[in-house]
Amino acid sequence: MNTPKRYLITAALPYANGLKHIGHLAGAYLPADIYVRYLKAQKRDVVFVCGSDEHGTAIPIQATKEGTTAQAIIDKYHPIIEQNFKDLGIAFDIYHRTSDALHHETASAFFKDLEAKGDLETKTSLQYYDAAANSFLADRYIKGTCPNCGHHEAYGDQCEKCGKSLSPEELINPVSTLSGNVPIKKETTHWYLPLNKHEDFLREWILKEHANDWRPAVVGQCKSWIDGGLQPRAVTRDLDWGVKVPVAGGDGKVLYVWFDAPIGYISATKQWAKDNGKDWTPYWNDAETKLVHFIGKDNIVFHCIIFPIMLKLHGHILPESVPANEFMNLEGDKMSTSKGWSIEMDDYINKWIKKENGGTGLADSLRFYLTSIAPESKDSEFTWKGFQESVNGELVSIFANYVNRTWVLMHKLCKGKVPPIHPDLLDEEDNAILQSVKDSKAKITELLEQYKFRDALFEVINLARIGNQYMQKKEPWIVAKNLATDPTAQAKIDNCMHACLQLCANLAILVNPFLPFTARKMCYLMKVVDKMLDWENAGNFNLLKVGYSLRPPELLFRKIEDEEIEAELSQLQTNLKAKKITMDTITTTDASTAPEANDNAFKPEIVFDDFGKIDLRVGTIIDAKKVEKADKLLQLEVELGLEKRTILSGIAMHFEPSDIIGKQVVVVANLAPRKMRGVESKGMILMAEDAHGKLYFVQPSEAIAAGSKIS
RNA sequence: GGCGAGGUAGCUCAGUUGGUUAGAGCACAGGAUUCAUAACCCUGAGGUCCCGGGUUCAAAUCCCGGUCUCGCUACCA
């Protein structure tokens, strides 16, 4: 294994529109922090950068929601997120922000350079435009009905109810959130990054070079994108919140957030270098730097496809690895802040860490559990019960208990001082325990280098288990009963306790990347400086000097009680209900007070003649079947009296074809035909929809002749 | 529908290029012990390796088909 000259480690920039939950923590920040702490203990040259992503349309949207400015939003969340990370021991070398002038300069120059070299293309296209507000509408400024779940408040980029990614074109009944008007389409010019031109490079770099050392899911996802045919991607937007497009024709446009955000890694590095009197350039330009991006699986395409192309074009190094984690669920469901089904870092900190409740030990308890269930190879699940069992059963019972019994015994039998070794009495067990430490260190080191943090942490606990076994065999508390009769008794005790103490010192070093607060507390108990935690010290049994007096025993962690778990579980249900009520309230309030800005509101008045243009008829479904290669479409044959019609309807998720044959429906009979999935649809079925997105047929109260007019 | 990842003990997960009787930790049961946060230590019980075919002397592993979960993507007048 040849060691890189230096490391640059990044963790995904959290979006500064709200609080971040423990799923985010487990996905990117915690593994990154563990890796960095390990590298630093190895005395490697490493910089760990992160920062708030403060651009994009969701920020000004959130501002509107909270009745304030975009600047106020980021100024509110940036410091909270930064502090949350600190409280949980995520030790960035710098936590920067993309609203900073230095970042604007950096991103701006980056874009300018690519533009000047001809690496970008421009293209004119039709985009939604709000004539009343005199502005183009970013995805996030368009609301409409979600085509996936039928939610009325879906945004142009994503539906927050079902979480599906959308494009504005997909929305049903799109409405501008600025004025409430139906947007029109207007020409606009944007810059594009032609991903398609770099396909060969990506194939070579990812599918060949990294086919085996990157995680299967990462390579698989990339392969899927590359094989699917890469398209040019717009890198600018019509918006006034973000980094201004710095070239001619860029008025009123900013860099698209995903173009600007990853450059945030670079500007953060610059800021760090500035603050510390260093040169940032080798970290991004020198081939001997190892760059690693820690992210969640939703970010794979940006960090493995788009950003690498940008880096290559701008003359930077490429990431050596992108260890993306899968998702962490919570008690059987996906985590979602907006649904109230999540555990915010901020909440955990306030409840478990800050109070006299537990202090920093509880930060490590969370780090422990999250690491032990890290979604490294598949989605995993956080349960409070699991948290309790993991902490009580392994962290406390095995690890902390080992340290505690060592300390207590050492004070009882060795006067609180590191006892001497008596070489003539050393036996196989004593030699074996030293060898175990060396073996564990080698294993843990290897696993950490491979980003297998879950397994690495298990090895640390296992070493404590070995310590327990060793002590059990030696039974110093039994030996102590023979002090009067056995002249070698004290020497035997000394040898055992000496080994146990040295093992504790080793445990502190090895656990440090995972549980930094605990490692520090162990240093305190041992009365040693942090320097002892250097990785090179692990595997040695001379870390504590003979005769050195140590502090009295103190518990490293406390157990998690049943009542606390029950409280958390019911809190979760409460949050869920509270959020639901809030959402319902907002929906109804909006409908009554600001009808024009809400698509649940009544549409603008029309005259009778407008209505008269619509030919509504009663029809009877005489056949229904699923459309091939479409999950949501049903192909219906509808009897309209004068003729039979083929009508397609997006209701396949709600009804079984066999169940609806014979049903009477209301049909818009004179709607212009439209082809979907290769089948022409002549007309439209009217459906009613409740607040939960459930669909109902609109039909006459009693069966009447097919083709009957409705007016 | 297409693509990607996953499905192994009650739970959380390992199982490298096919090779004895499929492993670990929790949880559970029994035993031993008391230095330790009712902790530790020893022993044990537990599996149709999602289902069905195929290749092979030999399949959790390779191939084909199906099914379920998650993600990306298409479809929604």
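The sequence lines fix the lettering, A, B, ..., with proteins before strands; numbering per chain opens at 1.
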Nucleic acid footprint by protein, nucleotides 3-8 of chain B - heavy-atom cut-off 4.0 Å, B for base, S for sugar-phosphate alone: BSSSS-
For nucleotides 29-41 of chain B, read 5' to 3', which letter fits each nucleotide if B means a protein heavy atom sits under 4.0 Å from the base, S means only the sugar-phosphate is that close, and - means neither? -----SBBB-SBS
Considering every strand shown, what is the Watson-Crick or G-U wobble mate of B:rG6 when both distances are under 3.5 Å? B:rC68
According to the Watson-Crick and G-U wobble definitions, with both distances under 3.5 Å, which nucleotide is paired to B:rU48? none
Atom-pair distance ([atom1] on [X]; [atom2] on [N]), nearest Å:
X        : N      : atom1 : atom2 : value
A:Glu376 : B:rU12 : CD    : C1'   : 13 Å
A:Leu457 : B:rC26 : CG    : C1'   : 14 Å
A:Leu230 : B:rC72 : CG    : C1'   : 14 Å

Check side-chain contact (heavy atoms from CB on, under 4.5 Å) between A:Ser549 and all other residues, then give those that pass, not counting sequence neighbours.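 Result, side-chain contact (heavy atoms from CB on, under 4.5 Å) vs A:Ser549: A:Lys417, A:Lys527.
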Under the side-chain contact (heavy atoms from CB on, under 4.5 Å) rule, collect the residues that match up with A:Lys385, sequence neighbours excluded.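 Scan of A:Lys385 (side-chain contact (heavy atoms from CB on, under 4.5 Å), adjacent residues dropped) gives A:Thr383, A:Gln388, A:Glu389, A:Asp562.
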I want to know whether A:Phe453 and A:Phe514 have ring centres closer than 6.0 Å. no
Please tabulate, for the side chains in residues 406-416 of chain A, all donor-acceptor contacts under 3.5 angstrom to protein atoms that are two or more places apart in sequence or on a different chain.
unit_1   : atom_1 : unit_2   : atom_2 : d
A:Thr406 : OG1    : A:Tyr402 : O      : 2.8
A:Trp407 : NE1    : A:Arg551 : O      : 2.9
A:His411 : ND1    : A:Trp407 : O      : 3.0
A:His411 : NE2    : A:Leu550 : O      : 3.4
A:His411 : NE2    : A:Arg551 : O      : 3.3

Could you work out, with salt bridge (Lys or Arg N to Asp or Glu O under 4.0 Å) as the rule, every residue matching A:Lys663, not counting sequence neighbours?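 So A:Lys663 forms no salt bridge (Lys or Arg N to Asp or Glu O under 4.0 Å) with any residue.
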With sequence neighbours left out, write down each residue that passes salt bridge (Lys or Arg N to Asp or Glu O under 4.0 Å) with A:Arg454, or none if nothing qualifies. none
When you compare [N] with [M], how far apart are their [atom1] atoms, in angstrom units rounded to a whole number?
N      : M      : atom1 : result
B:rU17 : B:rG7  : P     : 15 Å
B:rU21 : B:rC35 : P     : 46 Å
B:rA22 : B:rA14 : C1'   : 11 Å

Identify, with sequence neighbours excluded, every residue that meets ring pair (Phe, Tyr, Trp, His ring centres under 6.0 Å) alongside [X].
X        : answer
A:Trp214 : A:Trp205, A:His210
A:Phe517 : none
A:Phe307 : A:His293
A:Phe697 : A:Phe655

For RNA chain B, which residues in residues 492-506 of chain A have a heavy atom at a distance below 4.0 Å? none
Is any side-chain N or O of A:Arg454 closer than 4.0 Å to OP1 or OP2 of B:rG25? no
So, is A:Lys334 close to the B:rG71 phosphate, meaning a side-chain N or O under 4.0 Å from OP1 or OP2? yes
